There are 2 protein chains.
Amino acid sequence: MPTKEKLLREAALFMKGRGYSAFSYADLAEKVGIRKASIHHHFSTKERLGELVVQRAIEDTQKYFEDVEESSNYIVERLRAYMLLFSEGYQEKRLPLCCVLSVDMANLPDSIKKKAKIYFEIQINWLTRIVQQGREVGDIVSSCDPACAALTIFTMCEGASVVARAIENADIFDSTFNEIVKIFVQKA
Amino acid sequence: MPTKEKLLREAALFMKGRGYSAFSYADLAEKVGIRKASIHHHFSTKERLGELVVQRAIEDTQKYFEDVEESSNYIVERLRAYMLLFSEGYQEKRLPLCCVLSVDMANLPDSIKKKAKIYFEIQINWLTRIVQQGREVGDIVSSCDPACAALTIFTMCEGASVVARAIENADIFDSTFNEIVKIFVQKA
DNA sequence: ATAGGACTATCTATTAGTAGGTGGAAAACG
DNA sequence: CGTTTTCCACCTACTAATAGATAGTCCTAT
């Protein structure tokens with residue numbers, strides 16, 4: 001793998017684990033195995049690197065959404081796949097990037113803040129759309145509109161990530177998912 | 001107000017706004033109006049200051065819980081009062097301390113991490129207890145046990161804080177609260 | 001030969017923390 | 001009572017470590 005790619009990947013992991021402001025070029029250099037100054041050859045500033053990390057996350061997530069939509073029409077499976085984005089990093093003590101970005105918001109340069117907001121929107125919009133679809137085929141029985149349901153689902157996923165790390169218990173993801181299904185999905 | 005008290009209060013505000021690692025003695029000194037070095041006179045190290053901030057939050061929260069229990073027997077009112085702990089800092093761009101601590105976990109010294117975990121437990125235990133009480137008087141109709149319901153409520157409150165900041169929309173608190181009531185509370 | 005990728009060395013700003021001194025108020029003592 | 005001593009809050013001025021960033025150099029593969 002090219003060094004630039006390695007740097008981007010490791011920076012993303014650091015951000016998910018500690019947040020944007022709490023990792024340094026020194027940490028990254030040590031991890032990847034090059035000198036601190038060499039990182040600047042690939043990414044002029046830390047801010048730029050941060051932007052690209054979020055940009056990459058956006059692209060990966062959009063790709064993931066497409067895959068999920070292709071591989072299943074059933075809302076429960078789609079939601080389970082979505083929830084996976086939140087639980088996957090748990091074992092490695094990482095949070096979803098969107099969760100970290102929200103909390104770190106006050107410390108982010110404007111350019112990253114802007115990208116972060118786009119990232120949130122994309123997720124909420126996608127959720128809204130699949131809830132809407134689920135409703136059309138009769139799988140969803142939410143009393144509020146799709147946008148409202150999407151926000152609740154988003155909220156519960158973010159919350160699960162925070163609480164799982166807080167009390168060091170991964171079961172939260174399962175119980176939260178079950179709760180989401182219970183609230184929104186029509187029993188067969 | 002004595003300087004020490006001011007420092008403790010402002011440090012708490014900084015932590016809620018930016019997290020533990022992202023505020024400095026310089027920030028704090030400027031805000032309170034004394035020299036950086038003078039802070040060390042009151043709090044030997046930043047770690048010690050952080051511990052005391054969390055300790056204070058624990059005590060304040062326990063006091064608040066007592067007040068809430070005294071002033072109302074009805075689960076919905078108690079839950080609304082609890083949710084207030086999460087929404088109150090929103091206008092000032094602050095998160096609940098427990099939320100910040102969870103995300104900042106990887107950056108915390110062990111002593112603070114320990115206190116943070118106690119803080120989480122206290123909240124979950126209290127929620128469990130009031131859910132249990134609500135169940136006994138027939139206000140709660142949760143299909144899962146009180147501990148499980150408490151975790152879900154905790155999760156949704158934490159999530160609401162994260163999402164509210166992320167998309168800059170305070171309505172999340174209300175809609176999340178309504179959702180919690182819809183899930184757990186028996187209609188009159 | 002040249003361009004790219006990494007290097008060394010250095011810079012400036014900022015971090016938490018320390019050493020030691022100043023001034024004033026309260027307490028101790030004649 | 002006045003004097004002296006102690007104490008406390010705060011100060012100036014520093015340290016070592018670390019932050020992100022820069023300039024210029026060397027090596028290597030095309």
Side-chain angles (χ1 to χ4, degrees), chain A residues 1-55 100-101 103-113 115-116, chain B residues 1-55 100-101 104-116:
Chain A
M1 188 171 6
T3 307
K4 186 164 183 169
E5 197 57 32
K6 269 192 219 168
L7 285 167
L8 206 51
R9 179 185 297 269
E10 290 301 330
L13 295 181
F14 272 122
M15 281 178 69
K16 289 178 175 195
R18 308 198 208 155
Y20 171 76
S21 43
F23 86 94
S24 71
Y25 268 34
D27 298 326
L28 193 51
E30 198 200 334
K31 184 81 187 179
V32 172
I34 62 173
R35 297 288 147 174
K36 206 177 52 154
S38 308
I39 303 176
H40 287 280
H41 175 75
H42 298 281
F43 305 98
S44 55
T45 65
K46 191 186 176 187
E47 176 171 350
R48 184 76 191 124
L49 171 59
E51 281 176 55
L52 290 170
V53 165
V54 180
Q55 181 59 43
V100 175
L101 288 174
V103 176
D104 223 7
M105 202 61 106
N107 307 315
L108 296 180
D110 283 343
S111 62
I112 301 183
K113 225 181 274 189
K115 280 223 183 295
Chain B
M1 189 172 8
T3 306
K4 187 164 183 169
E5 196 59 31
K6 269 192 218 168
L7 285 167
L8 207 51
R9 178 185 299 269
E10 291 300 331
L13 295 181
F14 272 122
M15 282 178 68
K16 289 179 176 195
R18 310 199 207 153
Y20 172 76
S21 44
F23 86 94
S24 71
Y25 267 34
D27 299 325
L28 193 51
E30 198 199 335
K31 184 81 188 179
V32 173
I34 61 173
R35 297 288 147 174
K36 205 180 53 154
S38 308
I39 303 177
H40 287 280
H41 175 73
H42 298 282
F43 305 98
S44 54
T45 65
K46 190 184 175 187
E47 176 171 348
R48 184 74 190 126
L49 171 58
E51 281 175 55
L52 291 172
V53 166
V54 181
Q55 181 60 43
V100 175
L101 288 173
D104 222 8
M105 202 62 105
N107 307 315
L108 296 179
D110 283 343
S111 62
I112 301 183
K113 225 182 276 190
K114 227 167 88 183
K115 281 226 183 291

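Here the structure is a predicted model, which means the values were calculated and not measured. In the text below, chain A, chain B and the rest are named by the order of the sequence lines, each starting its count at 1.
The distance between atom CZ of B/Phe43 and atom P of C/dA16, rounded to the nearest whole Å, is 15 Å. A straight line from CG of A/Asn107 to P of D/dA19 spans 16 Å, rounded to a whole angstrom. To the nearest angstrom, P of D/dC27 lies 16 Å from CZ of A/Arg35. If you measure from atom NZ of A/Lys36 to atom C1' of C/dC11, you get 10 Å, rounded to the nearest angstrom. The nearest whole Å value for the distance from the CD1 atom in A/Ile39 to the C1' atom in D/dA19 is 12 Å. Atom-to-atom, NZ of A/Lys6 to C1' of C/dA6 comes out at 13 Å; the value is rounded to the nearest Å. Distance A/Glu30 CD to D/dG20 P: 14 Å, rounded to the nearest Å. When the C1' atom of D/dA21 is taken as reference, atom CG of A/Leu49 falls 14 Å away, rounded to whole Å.
Comparing D/dT12, D/dG20, C/dA16 by their closest approach to the side chain of A/Lys46 singles out D/dG20. Residue B/Ala37 has its side chain nearest to D/dC11 when only D/dC11, C/dC7, D/dG20 are considered. Taking every side-chain heavy atom of B/His42 into account, D/dC10 is the closest of D/dA21, C/dA16, D/dC10. Listed nucleotides: D/dA21, C/dC7, C/dG17. Nearest to the side chain of A/Ile34: C/dC7. Looking at the side chain of A/Ser38, the nearest of the listed nucleotides D/dC10, C/dG4, C/dC7 is C/dC7. Of the candidate nucleotides C/dG17, C/dG5, D/dA21, C/dG5 has the atom nearest to the side chain of A/His41. Which of D/dA19, D/dA21, C/dC7 sits closest to the side chain of A/His40 comes down to D/dA21.
Each of B/Lys4 and A/Glu47 was matched to the nucleotide of DNA chain D holding its nearest heavy atom; the match closer to the 5' end belongs to B/Lys4.
For the pair B/Thr3 and D/dC10, the criterion of a side-chain N or O lying under 4.0 Å from OP1 or OP2 is met. A sub-4.0 Å separation between OP1 or OP2 of D/dG20 and a side-chain N or O of A/Thr45 is absent. Residue A/Ser24 has a polar side-chain atom (N or O) positioned under 4.0 Å from OP1 or OP2 of D/dA19.
Considering only heavy atoms from C-beta on, B/Phe43 comes within 4.5 Å of B/Leu8 through its side chain.
Panel note: side chain B/Asp104, backbone B/Gly19; no donor-acceptor pair is recorded below 3.5 Å. Between the side chain of B/Tyr25 and the main chain of B/Arg35, no donor-acceptor pair closer than 3.5 Å is present.
Each of B/Lys31, B/Lys46, B/Glu10 was checked for a side chain to side chain contact (heavy atoms under 4.5 Å, CB included) with B/Phe23, and the lone residue meeting it is B/Lys46.
Atoms CD1 and OG1, on A/Ile34 and A/Thr3 in that order, are 6.0 Å from each other to the nearest 0.5 Å.
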